[in-house]
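Computed from a prediction, not measured in an experiment: that's the story for all the values here. Below, chains carry the letters A, B, ... as their sequence lines are ordered, and counting in each starts from 1.
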Amino acid sequence: MVKTRFAPSPTGFLHVGGARTALFNWLFARKHGGQFVLRIEDTDQVRSTAESAAGILADLQWLGLDWDCGPQPGTTKNEYFQSMRLELYNGYLEQLVKDGRAYEAYETPQQLATMRLAAEKMKRPFRYRRNMPGRAEPGSGPTVLRFEMPFETITFHDLILGDISVGGDEHDDIIIRKSDGFPTYHFAVVVDDHDMGITHVLRAQEHLMNTPKHLGLYKALGWQPPAHAHMPLVFNMDNTKMSKRDKTKAARAAAAAWVKQGNNSDTLSEKTGIPPNQLKEFLDKKADDSRIAAAIGAALNVALPEIDVQDFRRSGYLSDALLNFIALIGWSPGENREILTRDEMLQLFSLETIGKTSGRFDRKKLLWMNGEYIRQRSINDLQRDLAAFNAVTDYPLKQATETQQRELLAMYQERTGTLADMAENSRFFFEEPTLDAAAYKKHIESGNGWTALRQIRDMLTAVTDWSREPLAPVIEKIIELGEKRGAAPQTLRVAVCGGPVSPPLLETLCLLGRETTLARIDRILGLQRPTSGT
RNA sequence: GCCCUCAUCGUCUAGAGGCCUAGGACACGGGCUUUUCACGCCUGUAACUGGGGUUCGAAUCCCCAUGAGGGCACCA
């Protein structure tokens, strides 16, 4: 039976690249009627956090990628956390030592760094090997366990890339147990993949060069290795790696631009609520805290690039759209297909149709695709998406009743790329709009604006039954008002919405209600200076 | 520096020797529709990295060059 796994390390949020790896593993397992395992690789005691693990689970759930074995959301660590499996690792570690395949080493990190530097100076790659001269004496430093790699060419068949082979003198004796007693990634993956019966290891191409090391371990432990498949990477449009650092970079740039405008960085500290010393550390690139980045983005009203799954959720992307888009980077379903349901993906997915070339993350295409999903979706489904969106954001749209939500979704689904866009553009339904000065000047202050607005006010005041049927003919009349067709409705729109853009007036006025509509018109009429009357 | 991998429109890709005067989608340009913004519809621009082979024939196979990316941690 096919068994795949997704094995994130809980040191941050779930990255879109990680989400894609999870998706492909999920697809492959489901496609073949197999199992999908979620394993938390928390062997880095310093960087792993419980919150991160919880966040990753939540993001996977939002994406709809369910796992057959793994941590139970909302409970404590179980055996799918590597930190709970130390006994297992230690057993095999002992076995390797007994078999003479693992040995202790005592260099300090500083010594190792010096050795690397020396090798670099001689323009030779540094390889730590058991038989090399100058190894540290027992007791002279912390003890780690290294695995003695054989001096032989290792060739393996990658299900995506084909045959890969790496020469014997390229290997080195990797550390398999750190001085804190925890296994390293290399050792823990091998033990766990074997122990959990993983049949296919599908991971990002950055792991390609790890595979020979892992294969060496499988052989030494006498195990049959799983099949491997390395998928192409995903980059930014500028060909840089998509990373959390894109967010910190954007935040620093925003802060720098803000200071350049003559603002004081102390006020930034106040605005963000970040202590000055922490803020300074961040701005001086001494710390890469993404929370500080987010705070700066929020305070300065600058959108940071979405990198993590939760960023996309907050920006109002639908999980299905994000998943669909991510699937298409490095994989082609053929037949010129693009928009695919999960079932269709399952039908068409195969390792053979995964490409070899790395792809770029084209946000414009994602935006289009998200709009496409919003348009095709039923209002009921959209309401569920909106609930998930509202749960992690705080727009005035949150105040909408169920009925209002449905009306809003119906009028925005043709004209919005993301739920955040809709939330932003529909603000005027929930709070007094700030008047767009240019629009005011153009559509109200000039031409017949004032006259038209007064006429409109009178026409609307006459409507007592404020609903679609009675209102529709009135809107028609407003369209014909004045000599320039279409001018009057714009005047009304600006008066009521604050700006030149809104959904069609009929729907807009219906949802806004009679009282609010008339009050906003009157408020605008009150701005007219007596002398400028027509 | 060493090792590994990859190479089709700006971007994601189709293409498994003749079906390719290279197809689709996003983006971009033009037009239609229109109470704004969108949506929708029609339409246009745009690519086989270069050089050598192999072959009757190459985007497709081989070699070299170039370019891009990944790896070279007590991180995963």
Side-chain angles (χ1 to χ4, degrees), chain A residues 7-11 41-44 46-48 105 107-109 112-113 116 119-127 142-146 158 161-162 164-167 169-172 174-180 182 184-186 188-189 204-212 230 232-233 235 237 239 241 325 328-339 352 355-369 371-372 375 412-417 425 439 443 475-476 478-481 485-494 497 499-506 508:
Chain A
S9 65
T11 54
E41 309 218 320
D42 57 346
T43 52
D44 185 337
V46 180
R47 295 197 302 151
S48 298
E107 285 76 13
T108 61
L112 288 169
R116 279 192 195 96
E120 199 181 309
K121 267 192 185 148
M122 288 160 66
K123 298 202 167 184
R124 303 202 51 165
F126 173 64
R127 312 257 187 257
T143 306
V144 298
L145 222 46
R146 287 186 182 262
D158 186 282
L161 297 171
I164 308 284
S165 73
V166 177
D169 46 8
E170 298 303 326
H171 312 313
D172 70 350
I174 50 168
I175 292 175
I176 51 179
R177 192 188 64 202
K178 307 185 237 183
S179 55
D180 67 359
F182 271 56
T184 57
Y185 158 75
H186 297 296
V189 250
Q205 234 175 71
E206 59 196 358
H207 285 294
L208 188 62
M209 287 300 101
N210 290 334
T211 311
H230 290 92
L233 267 16
F235 296 99
M237 286 304 278
N239 242 336
K241 206 171 165 185
F325 177 72
L328 258 28
I329 303 176
W331 173 61
S332 170
E335 305 166 23
N336 287 337
R337 299 292 305 279
E338 295 244 301
I339 305 279
E352 290 74 49
K356 299 178 176 182
T357 50
S358 60
R360 262 134 304 267
F361 194 96
D362 185 349
R363 289 163 195 280
K364 283 191 173 168
K365 186 156 184 176
L366 169 62
L367 187 61
W368 163 77
M369 190 172 278
E372 206 63 12
R375 271 168 247 133
Y412 275 100
Q413 74 171 337
E414 296 291 309
R415 47 177 49 75
T416 196
N425 294 330
H443 297 290
I475 300 285
E476 286 308 313
I478 292 173
I479 291 168
E480 303 301 334
L481 219 55
R485 190 190 146 90
Q490 267 314 74
T491 303
L492 171 58
R493 176 169 280 118
V494 172
C497 311
V501 176
S502 85
L505 283 168
L506 181 56
T508 302

Can you find a donor-acceptor pair, distance only, under 3.5 Å between [X] side chain and [N] base?
| X | N | answer |
| --- | --- | --- |
| T357(A) | C6(B) | no |
| R415(A) | C37(B) | yes |
| R493(A) | U35(B) | yes |
| K356(A) | A7(B) | no |

Q) Within the structure shown, what part of the strands sits under 4.0 Å from P8(A) by heavy-atom distance: base, sugar-phosphate, or nothing? A)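 Nothing, no heavy atom under 4.0 Å.
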
Q: Please report the shortest heavy-atom distance between P500(A) and A439(A), naming the atom on each side.
A: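 It is CD-CB, 3.8 Å.
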
Q. Can you name the nearest heavy-atom pair linking R146(A) to A105(A), along with the distance?
A.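 Closest heavy-atom pair between R146(A) and A105(A): NE-CB, 3.8 Å.
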
Give the nucleotide from the list [options] with an atom nearest to the side chain of [X].
| X | options | value |
| --- | --- | --- |
| D44(A) | G71(B), A76(B), A25(B) | A76(B) |
| L505(A) | G70(B), C12(B), U35(B) | U35(B) |
| S332(A) | C26(B), U11(B), U13(B) | U13(B) |

Whole-Å gap separating [atom2] ([N]) and [atom1] ([X]):
| X | N | atom1 | atom2 | answer |
| --- | --- | --- | --- | --- |
| I164(A) | C3(B) | CD1 | P | 15 Å |
| K123(A) | C3(B) | NZ | P | 14 Å |
| F126(A) | G71(B) | CZ | C1' | 16 Å |
| R47(A) | C74(B) | CZ | C1' | 12 Å |
| L233(A) | G69(B) | CG | P | 11 Å |
| L366(A) | U13(B) | CG | P | 15 Å |
| F325(A) | U11(B) | CZ | P | 14 Å |
| I175(A) | A76(B) | CD1 | P | 11 Å |

Below the 4.0 Å mark, does [N] have OP1 or OP2 next to a side-chain nitrogen or oxygen of [X]?
| X | N | result |
| --- | --- | --- |
| R116(A) | C74(B) | yes |
| T184(A) | A76(B) | no |
| R177(A) | C74(B) | no |
| R360(A) | C12(B) | yes |
| K178(A) | A76(B) | yes |
| R375(A) | G40(B) | yes |

Return the nucleotide paired to [N]: Watson-Crick means purine N1 to pyrimidine N3 with N6-O4 or O6-N4, wobble means G-U with N1-O2 and O6-N3, both under 3.5 Å.
| N | result |
| --- | --- |
| U55(B) | none |
| U11(B) | A25(B) |
| U60(B) | none |
| A65(B) | U49(B) |
| U35(B) | none |
| C72(B) | G1(B) |

Would a 4.5 Å heavy-atom cut-off, applied to side chains only, mark [X] and [Y] as touching?
| X | Y | answer |
| --- | --- | --- |
| D169(A) | R127(A) | no |
| L505(A) | L492(A) | yes |
| I478(A) | P489(A) | yes |
| D158(A) | L208(A) | yes |
| E206(A) | H230(A) | no |

**Q.** Closest-nucleotide 5' rank along RNA chain B - winner of G167(A) and T416(A)
**A.**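 Counting from the 5' end, the first nearest nucleotide belongs to G167(A).
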
Q | Given RNA chain B, 5'-ward residue of the pair L208(A) and R485(A), judged by closest heavy atom | A |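 In this pair, the answer is L208(A).
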
